[in-house]
Colleague: 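Handing you this structure, nothing more for now.
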Amino acid sequence: MKPIQVGLLGIGTVGGGVFTVLERNQDEITRRAGRGIRINTVADLNVERAKELVKDRAQVVSDARAVINNPEIDIVVELIGGYGIAKDLVLEAIAAGKHVVTANKALIAVHGNEIFKAAHDKGVMVAFEAAVAGGIPIIKALREGLTANRIEWIAGIINGTTNFILSEMRDKGLDFQTVLKEAQRLGYAEADPTFDIEGVDAAHKATIMSAIAFGIPMQFEKAHIEGITKLDAIDIKYAEQLGYRIKLLGIAKKTPTGVELRVHPTLIPSKRLIANVEGAMNAVQVFGDAVGTTLYYGKGAGSEPTASAVIADLVDITRLLNADPEHRVPYLAFQADAVHDTPVLPIGEITTSYYLRLRVADQAGVLADITKILASHGVSIDALLQKEADEGESQTDLVALTHETKEKNMLAAIKEIQALKTVAGEVVKIRLENLS
Ligand code: HSE
């Protein structure tokens, strides 16, 4: 049978990986897909560089629309990124009746609802395994492997840059800015690392996972997002003394009143496997009512790991090409007419535990005042750590871990605590998840 014909929009690190892996493993891939998969044309503005990469294995053009409108091409792979031109091209490819594979998490998280509707109306497939956690087949696991379960929560280390920075801060006791510069020098962090360090990239990925896990539309605009830029090295140290690590987690949790969708630095017990995911690696922990806890670990970025996910989508589409569209795996794991409009909860309504660090006067009655305020808001203390005041100092650090409480109760208590004359500066608050 004639190989399926693929057009690539954009050829950089990932596109190069797709070429290399398809070529190296073509026999195995063909045995799995039932027919060959061939890259017919590549569109890239930098034609010279693209030709160097592709050699004579495919045509190279500068105009993406020459790929979209080419009747020979069955699948368009979008590797441009961002929500600008990439969105127009994906929608045009769908309108032209092409199946689409994309690694673009921003596009799916922000415009996925519109894209899936267009694809559904046209009867074409849109696949995006590479959009979340690179080479880890987490979309496949959530959408198919765990299909028997009511998924209760997902917690993921889904941004390698920030995990690398946090690992270095912990290992070397360095502050955020110093490690960020080192990460940029080593090429781990982008020249403009805003999306990574501010948690936006992780929020895109958490949004996609929440939609698939719970059968809800993409609701990126409702995600609560905090990055790691304000994280102080001292909190990493205190957390460690209490038996915890701080990770930037993407969390999606089903509750009786709605869905929690949030990205923020989080204390997790050091003994959890996921707490030991270091450097630029990614991991996603999923809790299903039938299966219990499952954990998926691997490379979240890079040429061949991401190509692994892109090619898996190409194989899936090839296998399902002749299936009636109603009998394919739905985009969001749930049938389109069974997607529920469950609300994403405002951050004040979420329930979690907390780590608090306060700078307090080292004098009688201070602790009593603080615990009284916490108790009056229904916040129960789980652990306390107080350092001896340094020689000649009249203030010291007080660290408290709380049991679970609603965020709005915690915020009200913090406001009152900050008003105490014996408490200096702002109370540092970091959320804590036991992941048990
Ligand atoms: N910038 C991402 C990260 C990789 O640091 O994990 C691509 O999603």
Side-chain angles (χ1 to χ4, degrees), residues 10-18 77-83 86 101-112 127-139 154-169 176 179-210 212 218 220 223 225-229 231 246-252 263-266 274 277-285 296-313:
I11 182 153
T13 312
V14 177
V18 172
V77 180
E78 184 273 307
L79 299 173
I80 298 167
Y83 358 74
V101 173
T102 178
N104 189 337
K105 55 242 155 192
L107 180 67
I108 295 295
V110 178
H111 298 293
F128 48 94
E129 182 64 69
V132 182
I136 306 175
I138 187 64
I139 301 293
I154 299 173
I157 295 172
I158 42 182
N159 182 269
T161 305
T162 46
N163 202 52
F164 173 81
I165 293 173
L166 292 177
S167 298
E168 290 287 291
M169 284 174 75
F176 170 75
V179 179
L180 174 62
K181 283 200 192 95
E182 179 67 358
Q184 282 172 313
R185 198 182 62 77
L186 292 171
Y188 281 105
E190 306 278 343
D192 178 3
T194 316
F195 266 30
D196 292 320
I197 61 179
E198 295 293 359
V200 177
D201 176 76
H204 286 144
K205 296 165 183 167
T207 298
I208 297 172
M209 290 195 290
S210 71
I212 293 174
M218 299 289 166
F220 171 73
I225 311 174
E226 285 172 38
I228 61 166
T229 52
L231 199 62
I246 299 182
K247 296 288 182 188
L248 183 73
L249 287 190
I251 297 170
V263 171
H264 49 71
T266 314
I274 195 169
V277 171
E278 299 291 4
M281 299 303 282
N282 280 200
V284 182
Q285 191 168 342
Y296 309 84
Y297 169 85
K299 287 187 179 155
S303 174
E304 292 202 8
T306 312
S308 166
V310 168
I311 295 169
D313 281 344

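We count residues from 1, following the sequence as given. Counting convention: from 1, in listed order, for ligands and their atoms alike.
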Colleague: Report the nearest protein non-hydrogen atom to atom 1 (N) of ligand 1: residue, atom name, distance rounded to 0.1 Å.
Modeller: Asp196 OD1, 2.9 Å
Colleague: Using a strict 4.0 Å cut-off to heavy atoms of Asp201, name the atoms of ligand 1 that fall inside it.
Modeller: 2 (C), 8 (O)
Colleague: May I ask you to test the Ile158-His204 pair for a side-chain heavy-atom distance under 4.5 Å?
Modeller: no
Colleague: For ligand 1, which atoms sit closer than 4.0 Å to a heavy atom of Lys205?
Modeller: 2 (C), 6 (O), 7 (C), 8 (O)
Colleague: Are Phe164 and Asp196 close enough that some pair of their side-chain heavy atoms sits under 4.5 Å apart?
Modeller: no
Colleague: Nearest protein heavy atom to atom 4 (C) of ligand 1, by residue and atom, and its distance?
Modeller: Ala301 CB, 3.7 Å
Colleague: Which part of Thr161 is near ligand 1, with near meaning a heavy atom under 4.0 Å away: side chain, backbone, both or neither?
Modeller: both
Colleague: Among protein heavy atoms, which lies nearest atom 6 (O) of ligand 1, and at what distance?
Modeller: Gly160 N, 2.6 Å
Colleague: Measure the shortest side-chain to side-chain distance between Glu198 and Ile225 over non-hydrogen atoms and say whether it is less than 4.5 angstrom.
Modeller: no
Colleague: Is Thr266 close to Leu248 at the side-chain level, that is, under 4.5 Å between some pair of heavy atoms?
Modeller: no
Colleague: Looking only at protein heavy atoms, identify the closest one to atom 7 (C) of ligand 1 and say how far it is in Å.
Modeller: Lys105 NZ, 3.1 Å
Colleague: Which heavy atom of Ala86 sits nearest a heavy atom of Gly81, and at what distance?
Modeller: CB-O, 3.6 Å
Colleague: Looking only at non-hydrogen atoms, find the nearest pair between Leu107 and Glu78 and report the distance.
Modeller: CD2-OE1, 3.9 Å
